[in-house]
There are 2 protein chains.
Amino acid sequence: MVAEITIQDVARRAGVSPSTVSNLLNGRTERMRPETLERVQRAIAQLGYSPNRTARHLKTGRVEMIGVIVPSVANPFYGAFASHVERAALKAGYQILLGNSERDPERERRYAEELWSHGIRGMIFGSSLLALTHLANLVEHGLSIVAFDRQAQAADALPIDSVSVDNVLAARLATDHLLKLGHRRIGFVTGPLRTVNRLNRLEGYEHALREFGIALDRELIWEKSLDQGFGDTEGVELGRCGARELLGKPNRPTALIAINDMYAFGAYAGARDLGLRVPTDVSVVGIDDGVLAEVVDPPLTTVRQPLCEMTQAAVDIIIRRIEGKTNGAPQHLTMKPELIVRKSTTSNL
Amino acid sequence: MVAEITIQDVARRAGVSPSTVSNLLNGRTERMRPETLERVQRAIAQLGYSPNRTARHLKTGRVEMIGVIVPSVANPFYGAFASHVERAALKAGYQILLGNSERDPERERRYAEELWSHGIRGMIFGSSLLALTHLANLVEHGLSIVAFDRQAQAADALPIDSVSVDNVLAARLATDHLLKLGHRRIGFVTGPLRTVNRLNRLEGYEHALREFGIALDRELIWEKSLDQGFGDTEGVELGRCGARELLGKPNRPTALIAINDMYAFGAYAGARDLGLRVPTDVSVVGIDDGVLAEVVDPPLTTVRQPLCEMTQAAVDIIIRRIEGKTNGAPQHLTMKPELIVRKSTTSNL
DNA sequence: CTATATTTGTGTTTCGATACACCAATATCG
DNA sequence: CGATATTGGTGTATCGAAACACAAATATAG
């Protein structure tokens with residue numbers, strides 16, 4: 001246990017005042033003799049000094065961190081998301097602080113307050129919750145938020161930026177694809193409809209059916225949540241369970257749309273449980289296009305979200321807000337999804 | 001943008017000194033009149049005050065955060081890991097700060113120094129790198145580290161705690177299982193052998209073969225890394241590639257052991273690429289037992305790591321170190337792995 | 001050779017919370 | 001009733017870095 005090295009130690013060693021060291025640290029070198037500069041730099045290197053961020057933050061009020069709150073990184077989609085956000089943040093000199101909210105507004109609020117008390121003034125939320133009122137207080141105090149994968153809602157009263165894929169379109173692409181393949185009874189498997197992106201996807205599904213002149217059959221929409229709360233396995237378990245129930249009906253659907261890839265993988269298992277094969281007996285489409293989509297058997301037909309561009313945009317926006325480079329009205333970016341046809345869907349003609 | 005509320009504001013409102021508010025905040029209420037206490041509490045509630053952690057940290061030198069550094073949370077294993085660590089940490093009143101190192105010692109060192117300069121004095125490393133010398137400097141300065149999934153090495157000169165599954169045993173269980181099923185040519189698919197856990201697993205594989213009286217065929221050990229660096233997809237891609245190469249040989253193996261579940265899923269795809277079926281044409285065993293293992297088709301026979309207990313132990317150890325409740329020699333916990341037989345392996349008799 | 005600029009740093013205060021020595025007011029006791 | 005405890009707080013210095021006004025040393029001008 002060695003004592004911390006402070007700016008004072010460096011100053012003493014270089015024979016200058018702490019102020020001078022601070023000046024160098026903050027790039028105010030223009031009025032500094034080259035030899036002084038070099039002396040200070042040597043002292044820093046020799047002592048292995050690195051400034052205490054806490055002290056710096058207390059003084060400046062700025063902290064180069066952004067908060068990232070997702071339902072759970074145990075879900076590979078959010079894992080990949082967090083990973084992309086981190087990469088983009090690091091490039092801009094920011095660290096990320098990650099929290100799992102399990103889509104619980106109360107946990108989300110607590111996390112946000114926690115991060116706030118660490119001086120973090122910008123956060124990205126991936127949970128896509130219907131309301132954002134639990135964050136109103138902090139936003140009014142000056143917190144900047146980017147809602148990820150949650151298109152702005154008419155009812156939103158808060159100035160919150162958003163970056164999202166067009167989820168209505170995503171589900172329309174999936175549904176249209178199946179309709180064109182001749183499917184008429186298409187099941188929709190989702191977890192709790194407590195998020196904007198899910199509602200939008202359902203809307204896209206209904207829209208596509210309507211456009212095609214097919215009556216909506218409520219029986220084909222399966223929505224349920226796990227009793228024992230949220231877990232790592234939520235998506236696949238629900239997908240499995242939903243597929244089993246829908247495919248067990250007398251007049252079973254010939255195709256399923258899963259709310260995301262994890263649900264689709266679960267649906268594969270559910271179909272298998274009933275002795276049905278994908279795509280021969282039932283076509284399955286996912287949404288996300290994560291890394292596993294092309295590896296599973298059969299490779300999953302799914303709708304791609306441009307995750308990389310989306311995260312980059314989200315990070316850019318939040319940093320501009322934090323640094324006060326944007327002050328105006330909330331920005332809302334909507335990206336285009338893309339249908340990726342693989343082997344999990346087949347013609348029903 | 002509302003001004004921050006400080007302890008002074010609360011004190012003024014309650015008609016006491018900041019010291020008194022601080023005393024309450026830190027539980028020193030024993031010599032405080034109940035009515036004063038109540039007045040201060042009311043002031044805190046009315047103003048919605050929450051203490052500035054930065055200032056507190058600067059004064060106390062303590063910060064209730066632990067660093068968690070993993071190769072990448074985009075890998076579901078580390079996503080689940082991070083999620084478990086977070087849960088355990090929160091229970092103990094700690095936050096986690098997460099970093100992805102992509103197994104690069106230099107990135108790992110930079111991250112560690114970054115976290116150190118934030119006042120973090122305890123970190124959990126999940127990368128299992130062969131050497132830990134890149135962290136020597138910080139450890140000498142007082143950083144506590146738990147190496148996760150990396151059994152202590154004889155050459156380790158640093159006082160670093162560890163929590164790991166017995167990786168040698170894990171691979172032995174997998175190999176024995178296949179041997180008992182009658183397999184004699186068993187391939188081993190792994191990424192770069194630059195981690196302790198991988199080397200240990202390879203050792204377990206070799207050990208089991210030797211014990212069974214089977215000569216080691218180096219041709220059956222496939223080890224490669226991706227050219228274009230580390231990505232979300234590393235595991236599955238390498239597994240796929242490895243399986244394709246091994247199964248493409250004239251005298252191909254009848255079974256494969258994948259270094260982890262992701263590689264195993266890749267191996268499924270690789271076998272499929274060659275028109276081979278699992279387990280009819282080739283048996284596959286993974287290691288980890290993540291959530292997808294029982295969902296994929298066929299459900300994966302794998303070796304379970306008791307992730308939950310392991311992370312809990314790691315968090316307990318690191319917090320005891322940070323709080324100075326343990327000072328002695330490094331602790332090394334080794335947990336027992338468990339073979340989970342599903343449908344991806346079958347008899348070769 | 002004095003007056004004014006310019007260069008090159010420095011001293012002091014501050015951020016918000018905490019630790020700790022210390023003080024005022026009241027209670028207790030012989 | 002004066003001396004001593006006890007109760008219930010408070011004043012002040014401090015953590016490490018940064019901001020900013022200001023000062024010493026040197027250069028330049030007239």
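In what follows, every chain begins at residue 1, and chains take the letters A, B, ... in the order their sequences are listed. The structure displayed is predicted, hence computed values, not measured ones. For the numbers below, each heavy atom of this structure counts, side chains included, while hydrogens, waters and symmetry mates do not.
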- request: Output the residues of residues 43-58 of chain B in contact with DNA chain C, where contact means a heavy atom of the residue under 4.0 Å from an atom of the strand; sort by number or write none.
  value: Tyr49(B), Pro51(B), Asn52(B), Ala55(B), Arg56(B)
Would you mind reading off the distance between [X] atom [atom1] and [N] atom [atom2], rounded to a whole angstrom?
X: Ile5(A); N: dC15(D); atom1: CD1; atom2: P; value: 16 Å
X: Glu4(A); N: dC15(D); atom1: CD; atom2: P; value: 13 Å
X: Ile7(A); N: dT12(C); atom1: CD1; atom2: P; value: 17 Å
X: Leu25(A); N: dA19(D); atom1: CG; atom2: C1'; value: 14 Å
X: Arg62(A); N: dT14(C); atom1: CZ; atom2: P; value: 19 Å
X: Gln8(B); N: dT18(C); atom1: CD; atom2: P; value: 11 Å
X: Leu24(B); N: dA17(C); atom1: CG; atom2: P; value: 14 Å

query: For Arg62(A), does the CZ atom sit with more than 12 other heavy atoms under 6.0 Å from it, leaving out its own atoms?
result: no
Before accepting this row, confirm whether a basic side-chain N of the pair [X]/[Y] lies closer than 4.0 Å to the acidic partner's carboxylate O.
X: Arg42(B); Y: Glu38(B); result: yes
X: Arg109(A); Y: Glu106(A); result: yes
X: Arg53(A); Y: Glu114(B); result: yes

task: Could you encode protein contacts along nucleotides 8-14 of chain D as a string, one character per nucleotide from 5' to 3', using B for base contact, S for sugar-phosphate-only contact and - for no contact, with a heavy-atom cut-off of under 4.0 Å?
output: BSBBB-B
message: Checking side-chain hydrogen bond (donor to acceptor under 3.5 Å, both in side chains) between Ser127(B) and each of Glu102(B), Arg194(B), Arg107(B), Glu108(B), which is the one that passes?
response: Glu108(B)
- request: Could you give me the CA-CA distance, side-chain angles and deciding distance for Glu113(B) and Ser50(A), then say whether side-chain hydrogen bond (donor to acceptor under 3.5 Å, both in side chains) is met?
  value: CA-CA 8 Å; Glu113(B) 285 188 353; Ser50(A) 88; over 6 Å; no
task: State, to 0.1 Å, how close Ala82(B) and Val73(B) come at their nearest heavy-atom pair, and which atoms those are.
output: CB-CG1, 4.2 Å
Distance test, side-chain N/O of Arg28(A) to OP1/OP2 of dG9(C), below 4.0 Å: no
message: Just N and O in the side chain of Ser22(B): are any of them under 4.0 Å from OP1 or OP2 of dT18(C)?
response: yes
message: Using the side chain to side chain contact (heavy atoms under 4.5 Å, CB included) criterion, which residues pair with Arg320(B)? Sequence neighbours excluded.
response: Lys325(B), Thr326(B)
message: Which label fits Phe148(A) and Phe81(A): parallel for a plane angle under 30°, tilted from 30 to 60°, or perpendicular past 60°?
response: tilted
